[in-house]
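We name chains A, B, ... by the order of the sequence lines, and we start the count at 1 in each one. Quick note: numbers below take in every heavy atom, side chains included, and nothing from hydrogens, waters or symmetry partners.
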Amino acid sequence: MGYTGQHVTEAMLRVCAALKAKTDYLTSLDQAVGDGDMGYTLGKIADALALYATGTPTNDLGKFLAGAGMAANKAGPSTMGTLLATALMRAGKAVMGKSELASADLAQMLQAAEQGIQERGKAQLGDKTILDALHPAAGAFAAALAGGQTVAAAGASALAAAIAGRDAVTPLRSKIGRASWIGDRTEGRVDPGCEALVVILSALTNAPGT
Amino acid sequence: MGYTGQHVTEAMLRVCAALKAKTDYLTSLDQAVGDGDMGYTLGKIADALALYATGTPTNDLGKFLAGAGMAANKAGPSTMGTLLATALMRAGKAVMGKSELASADLAQMLQAAEQGIQERGKAQLGDKTILDALHPAAGAFAAALAGGQTVAAAGASALAAAIAGRDAVTPLRSKIGRASWIGDRTEGRVDPGCEALVVILSALTNAPGT
Amino acid sequence: MKKILNNPNDFVVEMLEGLLKAHPTQLSYAGDDVHCIVRADAPVVGKVALATGGGSGHLPVFLGYVGQGMLDGCAVGDVFASPSADQMFEVTKRIHGGAGVVYIYGNYSGDVMNFDMAAELAELEGITVRTVLVRDDIASAPPERAERRRGVAGMVFAFKTAGAKAAQGGSLDEVVAVAEKALANTRSMGVALSPCTVPMAGRPTFTIGEDEMEIGMGIHGEPGMKREKLQTADQIATRMIEAILADLKPATGDTLAVMVNGLGATPPEELYILYRKVHELLTGRGLKIHRAYVGEFATSMEMAGASLTFMRLDDELTALLDYPANTPFFKQI
Amino acid sequence: MKKILNNPNDFVVEMLEGLLKAHPTQLSYAGDDVHCIVRADAPVVGKVALATGGGSGHLPVFLGYVGQGMLDGCAVGDVFASPSADQMFEVTKRIHGGAGVVYIYGNYSGDVMNFDMAAELAELEGITVRTVLVRDDIASAPPERAERRRGVAGMVFAFKTAGAKAAQGGSLDEVVAVAEKALANTRSMGVALSPCTVPMAGRPTFTIGEDEMEIGMGIHGEPGMKREKLQTADQIATRMIEAILADLKPATGDTLAVMVNGLGATPPEELYILYRKVHELLTGRGLKIHRAYVGEFATSMEMAGASLTFMRLDDELTALLDYPANTPFFKQI
Ligand SMILES: Nc1ncnc2c1ncn2[C@@H]1O[C@H](COP(=O)(O)OP(=O)(O)O)[C@@H](O)[C@H]1O
Ligand SMILES: Nc1ncnc2c1ncn2[C@@H]1O[C@H](COP(=O)(O)OP(=O)(O)O)[C@@H](O)[C@H]1O
Ligand SMILES: [Mg+2]
Ligand SMILES: [Mg+2]
Ligand SMILES: [Mg+2]
Ligand SMILES: [Mg+2]
């Protein structure tokens, strides 16, 4: 049983709604360690993706996702927005030509997204970025599927791993990007990018998150 | 019995001390209807006059007072400062050459000061300026002396008249100067210039004022 | 009070010392007093000299316009207080190039009294002085008492046009006539969103609610005409534009110069949002905009807010406005 | 939030519309998108083109330096957010005069990623693109990690010198070399006294006590290195000067260009009080000041505070700094 265009569209709309609901919280996290634009940027991307999702054919899901990435970059090209756009483009590239996705495709998309974000942003694990939540999440998802679990169960472990990854770096000092400039004052503060990923995965797995 | 240079110097120092003590209050009145510089300006004038008074010969009291006026204009040439400087210069001109002042001289000095302020500022009675306190004060002083009262008693009536003059215009709208620009919002507010005169006369008569 | 300063009492003198060090090729001072700012090349022999003056706290007003194509000198007072007659006289003597001096300054009683005294002193020394008062702020008095109005940012248009006329060799009468014509065709109005603090007073001149604005604010932190709920940029612009046009009464097809002036803390971004509406409404009414000046031209230290100034142009004013100028704060190529 | 605006979401677009209307002879836009600001006369055929870009909320940075003798184009993002790779690419295509394009912009990850994508797109169309990152803020990382530093007001010196080199007909290599030399000799540091508010966020980015200042503030309202008690102007200046000199290490007799930059709400009066101390300390150490720029060059909307930038000059940089420029926000005659 595969995931159709309708599933993907619905999932994207769920993510959009979740990001919109969290803009204020994400802004407050970014105000504490950055410049305070993240909630607004992701909100704009959510609006653009919602428009895109409802008006774009899904017969080629690869094209659909890559196009979503381009729309996201136009709508909100901040660091986070650009990384998200890159993730969508890479996920799309991973399933180019397909009109239905198998569970293995989902794992590959997540891995491709991680790789794209790593290449584009050049952050290392432990630098305290979205990667520190995304890397364990992608790993947990793939491992759970390989272990024979359902997609729902694998999604739950991915979310749990993202939350654990986010929390694991919270005590650390940011080593890259804007937050790195305020040095030890980032210690103990949640990384806004990690939190954004948790919001996205919660919406994808339809779980309450955090 | 006349007023010697020492009397005049002491009186000037009393006025300086009184203005310094009231700078904050005068500033707050000027903030309400003007630009908030009056306390500071009069404070600077007080400093300059105190310096002047302790270092300037008083053998010619007319020269002494005229010189005080020039020192005041240099120290604080705002509207109020310039009017005060004009008043001192005119008062000095009225007693030029004298080394001791009779009570009649005092009345003439007050009248000369009023005329100088009127000519320099071109305000009318009822415009809600220092003139509305000075005019009745100068009149009361002269009348009291003419009626045979002591200088102390005449000073007390002058102060009472200044206070009454100040209070009489408080309900009115300012018609000239900076305060006129805020229109009906001056109604019910004490005119800072009137208040400054009350402070000065209180110090001269050594009465608590207000 | 959140300001970058040392002793508040030294605020003006230290500001002037810094300014003279920063612009040594353009500015100097007279009478051994840094309050008496003059062009470094003063006097310009044979040229009509222009002087202004007033309190500190309004940069670029007043001294920022001393330089080629604009003013020759400026007497600088304490924050929001007039300079003294003496200081104005020192400036006058130093800039006089033999062709007379024009005083152009805002209609504030302290300044008027002291400039009048300075003019009397100058005349005693054989220097011909003419005075032009700036009274462009329509919010400060109704048209029937226009002579009571105060001077705000519109003075920059008088400095610019009269300064150009003098630079071109205009006579004393001609320079005065240009300043008067410019001002007869100039109107301003402002709004404030936050107060400012006179350094020596140490506390704000007024308080204002988070959702309020002050309509008809001057540039001294004096309260304006009234207090209202904060409106949108378009509403604020529309309101000021309509008030100014009702007073200036331009005819369809007239050409204007426009200034959108920030009072200090309002960022240029917001000034351009205002200008967007100004352009739309003026061109929508068949008026032409020859030049737009958007930025800080007459401020009240850290006050948030903005003012609009329109000057109706004829051919002469247009040419004079377009003439080059080069001062520390105003450059036109 | 006390701002003059309409819908906060329209802040940037309306600002750009106003700006384009106010400067029609100097500025235009590419790709049918007002975020893609270019010189009205772009492309200048045969000249190396310079482009920059970054978030809004810093006027005059970035687009304010588009004009003669400085930049050819600028991609404008939302407040404190990068423009998109697409927009940078549109600007690149429009300004390319056949001699290559140099990107000079601040080291911010969003901008870097998008400019890199734009450069890839441009190379596909046969346009040679070179990149120079601005990393002048010494407060953002220690010298041993200088490549991580962010770009602040010092970028203006790179725009000015590299822009002059291009205007004089310099080759792509020469223009890049000048930008790199200028930046290798440029250091900045800032302090903030109050926060700013991203219009779309609606509340200040940080809070700060009445008697506190933030040392090492950037221009995005990000918290600085540390929070301290507010000091006097002379103490603040001394501290920034010493930190910059320790990093820049000029030799006695070296000549510097100095910029005292206001972050938005700090009045020019206070900047000149800072400059007074800068002049005293630098000349006291046997350093020469060739030119002083005092004003607002790189801001954070209505933030109060200031930054200092020093650039060590050699003969080439001096001549390029002195070359004329004429943009809506930067005029040098
Ligand atoms: N080089 C990088 N690689 C990966 N993630 C990064 C990188 N730099 C920053 N991030 C992530 O981006 C988040 C900030 O996003 P955003 O607010 O859009 O950035 P900015 O406003 O600095 O452009 C951080 O919390 C971090 O998770
Ligand atoms: N034309 C005038 N004639 C006489 N008194 C005046 C005149 N204008 C103003 N005043 C007085 O001056 C006071 C304000 O003084 P000050 O604060 O020094 O003025 P400003 O700051 O406007 O120069 C007013 O309260 C009023 O009493
Ligand atoms: Mg951010
Ligand atoms: Mg006053
Ligand atoms: Mg005053
Ligand atoms: Mg950002």
Colleague: Please classify the contact between Asp37(A) and chain D as side chain, backbone, both or neither, with a heavy-atom cut-off of under 4.5 Å.
Modeller: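 The answer is the side chain of Asp37(A).
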Colleague: Count the heavy-atom pairs under 4.5 Å between each of Asp111(D), Asn9(D), Asp116(D) and chain A, then report the option with the highest count.
Modeller: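 The residue among Asp111(D), Asn9(D), Asp116(D) with the greatest pair count is Asn9(D).
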Colleague: Between Asn114(D) and Asp86(D), is a side chain to side chain donor-acceptor pair (under 3.5 Å) present by the stated rule, with each step listed?
Modeller: CA-CA 8 Å; Asn114(D) 282 287; Asp86(D) 255 16; over 6 Å; no
Colleague: Out of the candidates Arg227(D), Lys226(D), Lys229(D), only one should pair with Glu214(D) under the salt bridge (charged side-chain N to carboxylate O under 4.0 Å, His left out) rule; please name it.
Modeller: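 Of the listed residues Arg227(D), Lys226(D), Lys229(D), the salt bridge (charged side-chain N to carboxylate O under 4.0 Å, His left out) partner of Glu214(D) is Arg227(D).
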Colleague: Just give me the residue among Thr23(A), Thr27(A), Thr79(A), Thr41(A) that pairs up with chain D most often, heavy atom to heavy atom, under 4.5 Å.
Modeller: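 Top option by heavy-atom pairs under 4.5 Å: Thr79(A).
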Colleague: Can you see whether Tyr40(A) has Lys44(A) sitting over its ring - NZ or CZ less than 6.0 Å from the centre and within 45° of the normal?
Modeller: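 Ring-cation test returns no.
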Colleague: Taking side chain as everything from C-beta outward and backbone as N, CA, C, O, which of these in Pro195(D) sits under 4.5 Å from a heavy atom of chain A? Side chain, backbone, both or neither.
Modeller: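 Neither; nothing under 4.5 Å.
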Colleague: Check the pair Phe141(A) / Gln111(A) against side chain to side chain contact (heavy atoms under 4.5 Å, CB included), numbers first and verdict last.
Modeller: CA-CA 10 Å; Phe141(A) 190 76; Gln111(A) 226 99 46; over 6 Å; no
